[in-house]
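Quick note on labels: first sequence line is chain A, next is B, and so on, each numbered from 1.
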Amino acid sequence: MLKIENLHAQVGDIEILKGLSLELNAGEIHAIMGPNGAGKSTLSYALGGRPGYEITSGSVNFDGQDLLELDPHERAAAGIFLGFQYPVEIPGVSNLQFLRESLNSQRKSRGEEPLSGAEFIKLAKEKAGLLKMDMDMLKRAVNVGFSGGEKKRNEMVQMGIIDPKLAILDETDSGLDIDALRVVGSGINAIMRKPDKAVLLITHYQRLLDLVKPDFVHVLAGGRIVKTGGPELALQLEEEGYEAVAA
Amino acid sequence: MSEVVKTDIQEQDERAAMNAEAQAAVDNASNYEFGWSSDIEQDFAPKGLNEDTVRFISDKKGEPQWMLDWRLKAFRMWETMESPDWAKLDIPMIDYQDAYYYAEPKAKPKLNSLDEVDPEILRVYEKLGIPIEEQKVLAGVEGARKVAVDAVFDSVSVATTFREELEEAGVIFRSISEAIKEYPDLVKKYLGKVVPMKDNYFATLNCAVFSDGTFVYIPKGVRCPMELSTYFRINAENTGQFERTLIVADEGSYVSYLEGCTAPMRDENQLHAAVVELVAMDDAEIKYSTVQNWYPGDEDGKGGIYNFVTKRGLCQGKNSKISWTQVETGSAVTWKYPSCVLNGENSVGEFYSVALTNNYQQADTGTKMIHNGKNSRSTIISKGISAGKSDNTYRGLVRVGANAENVRNFTQCDSLLLGDTCGAHTVPYIEVKNPTAQIEHEATTSKISDDQMFYAQQRGLDEEEAVSLIVNGFAKDVLKQLPMEFAVEAQKLLAISLEGSVG
């Protein structure tokens with residue numbers, strides 16, 4: 001589904017990704033762990049096409065398309081969803097309005113009919129229920145006045161509504177209390193653990209991986225993947241630290 | 001709870017469908033959509049401005065002597081006045097002798113319904129999107145929201161509808177020309193009482209040459225059974241448009257009035273100087289909403305409307321309320337300060353404004369809240385959006401008189417900048433002569449952040465959709481004050497007006 005080869009990316013003059021390669025197949029969940037500053041968030045932004053994150057060499061193929069050719073909204077329509085580490089506030093725009101316009105814009109670029117108001121509300125209710133989020137929250141402005149945990153949960157509701165092929169979740173577990181973590185974990189499983197979908201989990205901690213079992217764990221350090229293993233690698237990291245494992 | 005959500009969204013759907021026609025027109029508008037002119041024969045006053053012009057206009061309208069005298073007095077006054085220069089506007093000299101002051105469609109029809117209107121004029125209305133509401137009601141759509149339209153085609157009202165139903169309620173809804181003849185006493189009593197003849201250069205000019213406009217009187221205790229609406233339109237080349245509106249809400253009455261404006265594309269600047277006067281008696285409420293999208297000029301700042309408007313409401317009675325809501329996206333130059341004179345005890349003044357400027361547009365707009373009554377309160381919410389090389393100024397006065405006890409004002413002025421070649425300015429004047437007053441002023445200036453843009457794009461919106469969404473969110477507090485008929489149109493207008501301003 002996703003094949004990243006020898007990706008180099010820089011922000012300003014500073015090269016952050018230095019030859020990163022990674023392959024995800026449909027039905028797989030991958031975790032990326034790594035020390036601060038290793039380039040984890042840069043990887044997610046680079047895949048999302050954020051302006052300012054310049055790809056200097058390498059390639060990214062997504063479902064047979066050259067991903068780097070696409071604008072950010074086209075990547076979204078192609079099926080890529082980014083769960084933000086710091087979800088952004090949009091004052092005056094309700095979550096429902098935001099998601100409905102976003103979803104219908106995606107559907108339009110895929111040549112699908114837009115969802116009617118009633119269809120959309122039905123979908124939103126279902127996904128909000130999955131994440132135990134009150135519909136009243138969705139009527140409020142996007143992330144405005146939301147706690148850190150609510151913002152993260154909101155990201156997952158958005159993911160449920162948008163229903164992407166590939167979710168790249170950047171520290172979705174940070175800022176969550178234990179109960180919320182459980183809700184988010186089971187949400188990810190319910191929405192994304194399907195034979196035609198894949199997940200790239202960026203995280204610092206084992207606790208999310210207890211809930212969402214990865215098929216592969218990668219260590220990202222110095223702008224490239226330095227080690228790949230199974231779920232046991234995460235446990236080893238937790239015990240021994242990045243320095244020992246990645247060395 | 002969820003039912004409410006459903007309703008909201010479905011309502012949005014219905015509104016969207018309702019406005020599909022207008023939206024179809026605006027959706028593909030990379031240029032100004034209303035930039036066409038129709039071939040209706042015009043009857044012009046000779047070019048230039050002198051006493052003869054004033055007499056011509058008055059004569060054309062068959063006005064009584066007192067009206068002509070009033071106009072002539074204003075004209076002589078105007079000749080001694082000078083154009084104000086305190087606004088943050090850069091306006092070339094206007095040659096008042098190089099314009100026409102009166103134009104009307106020839107063979108002016110005397111009609112009672114839209115059916116009888118010249119098809120060419122109807123086509124114009126259709127392009128304007130006027131009939132969206134109108135057609136529904138005319139077609140007998142069940143539950144259609146009623147909007148009475150008094151359409152002003154250039155200078156003369158050609159059709160007034162729903163007159164019967166309004167008359168049953170005792171509401172007078174007329175063109176001002178008709179009202180001068182039919183209700184001279186009412187007109188005499190209030191004309192020029194809120195905006196005096198000598199008020200300012202443009203208001204005085206309007207007194208001399210006003211072409212047409214609207215008169216509304218809501219009798220005691222009457223809640224106007226429908227929203228009243230006038231669509232203004234400037235159509236003749238080089239014809240200044242001088243509208244005059246007078247709305248009087250008697251004790252305990254309520255009226256909501258909508259004013260929408262579009263003008264066809266012309267190269268030369270066109271002058272517009274309107275005067276709107278509102279009077280609210282005891283316990284009366286007037287809600288006045290404007291969506292203004294006159295031709296703003298092209299990308300190089302060529303052409304566009306010069307819009308000098310004096311709008312003022314008098315809260316004369318106790319517990320009276322006047323609320324102005326405006327969405328200003330058009331005109332090359334906007335000079336406009338819809339104000340409230342709060343004389344009544346416990347009276348309330350509100351001003352909700354979105355002013356958007358792009359390319360070379362200039363807007364200097366705001367409000368005046370003059371508190372003379374005890375316990376009078378006012379709210380000012382101003383949202384300025386600047387893009388391109390435009391300049392956008394909020395100018396507002398809050399004045400509290402010495403005898404006005406316990407006055408409250410809350411003002412919020414937010415400016416949003418798109419790009420780094422535009423300007424946003426906030427100029428608040430606060431004059432308080434009574435120590436019991438509580439005045440609050442909040443102001444912010446911000447840009448659309450890269451974070452917001454990427455977030456929205458990552459969810460699937462393209463760049464323009466993302467900007468439009470964020471801008472509409474920014475203006476939400478004002479847009480939600482608009483009657484539903486206007487809300488969708490206004491959102492679309494913001495999006496259209498920003499086209500080409502991103503990337």
Side-chain angles (χ1 to χ4, degrees), chain A residues 44-45 48-53 71-78 80-84 86-94 96-110 114 116-122 124-125 128 134-136 138-139 141-144 158 161-162 164 168, chain B residues 1-17 27 354 381 383 385 412 414 416 444 446-481 487-488 491-492 494-495 502-503:
Chain A
S44 78
Y45 285 147
R50 179 162 189 151
Y53 289 75
D71 287 337
H73 70 279
E74 295 168 332
R75 298 184 194 200
I80 289 184
F81 177 89
L82 252 58
F84 282 64
Y86 304 108
V88 180
E89 298 181 4
I90 308 180
V93 178
S94 78
L96 288 173
Q97 183 193 357
F98 178 57
L99 285 169
R100 183 167 178 231
E101 286 191 23
S102 298
L103 180 60
N104 280 340
S105 192
Q106 286 198 22
R107 292 177 68 93
K108 194 173 152 198
S109 32
R110 292 194 293 259
S116 73
E119 287 168 325
F120 176 76
I121 292 298
K122 189 167 169 257
K125 260 188 201 167
D134 198 283
M135 278 299 276
D136 280 339
L138 290 184
K139 289 197 270 177
V142 179
N143 292 320
V144 176
Q158 295 188 20
I161 289 170
I162 286 171
I168 300 159
Chain B
M1 144 216 89
S2 47
E3 286 313 303
V4 176
V5 175
K6 191 171 173 179
T7 316
D8 277 358
I9 292 257
Q10 281 176 337
E11 225 162 55
Q12 257 180 27
D13 267 5
E14 280 158 23
R15 269 187 277 160
D27 274 347
V354 174
I381 308 284
K383 304 276 182 175
I385 300 148
Q412 186 179 336
D414 297 324
L416 186 68
T444 65
S446 56
K447 283 185 156 193
I448 292 183
S449 74
D450 294 344
D451 282 344
Q452 285 176 326
M453 283 300 291
F454 180 60
Y455 192 60
Q457 287 173 275
Q458 210 298 308
R459 293 300 181 254
L461 300 173
D462 69 26
E463 206 170 16
E464 286 193 345
E465 289 169 334
V467 169
S468 162
L469 184 86
I470 294 164
V471 166
N472 273 298
F474 172 76
K476 176 73 166 293
D477 289 345
V478 174
L479 296 180
K480 73 182 182 197
Q481 298 291 334
V488 170
Q491 284 183 22
K492 280 278 166 188
L494 293 182
V502 290

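- Using a 4.5 Å cut-off between heavy atoms, B:Tyr455 contacts chain A through both its backbone and its side chain.
- Here the side chains of B:Glu465 and A:Glu101 are not in contact, with every heavy-atom distance at 4.5 Å or above.
- With a 4.5 angstrom heavy-atom cutoff, B:Ala475 does not touch chain A via any of its atoms.
- Interface residue A:Ile90: backbone and side-chain heavy atoms are both found under 4.5 Å from chain B.
- Qualifying side chain to side chain contact (heavy atoms under 4.5 Å, CB included) partners for B:Asp450, counting only residues two or more places apart in sequence or in other chains: A:Arg50.
- Heavy atoms only, all atoms of each residue included: B:Gly460 and A:Ser105 are closest at O-OG, 3.1 Å.
- Interatomic distance, B:Gln458 CD to A:Ile80 CD1, rounded to the nearest 0.5 Å: 8.0 Å.
- With sequence neighbours left out, the ring pair (Phe, Tyr, Trp, His ring centres under 6.0 Å) criterion links B:Phe454 to A:Tyr45, A:Phe84.
- For the pair B:Arg459 (side chain) and A:His73 (backbone), a donor-acceptor distance under 3.5 Å is absent.
- Using a 4.5 Å cut-off between heavy atoms, A:Glu89 touches chain B through its backbone atoms (N, CA, C, O) alone.
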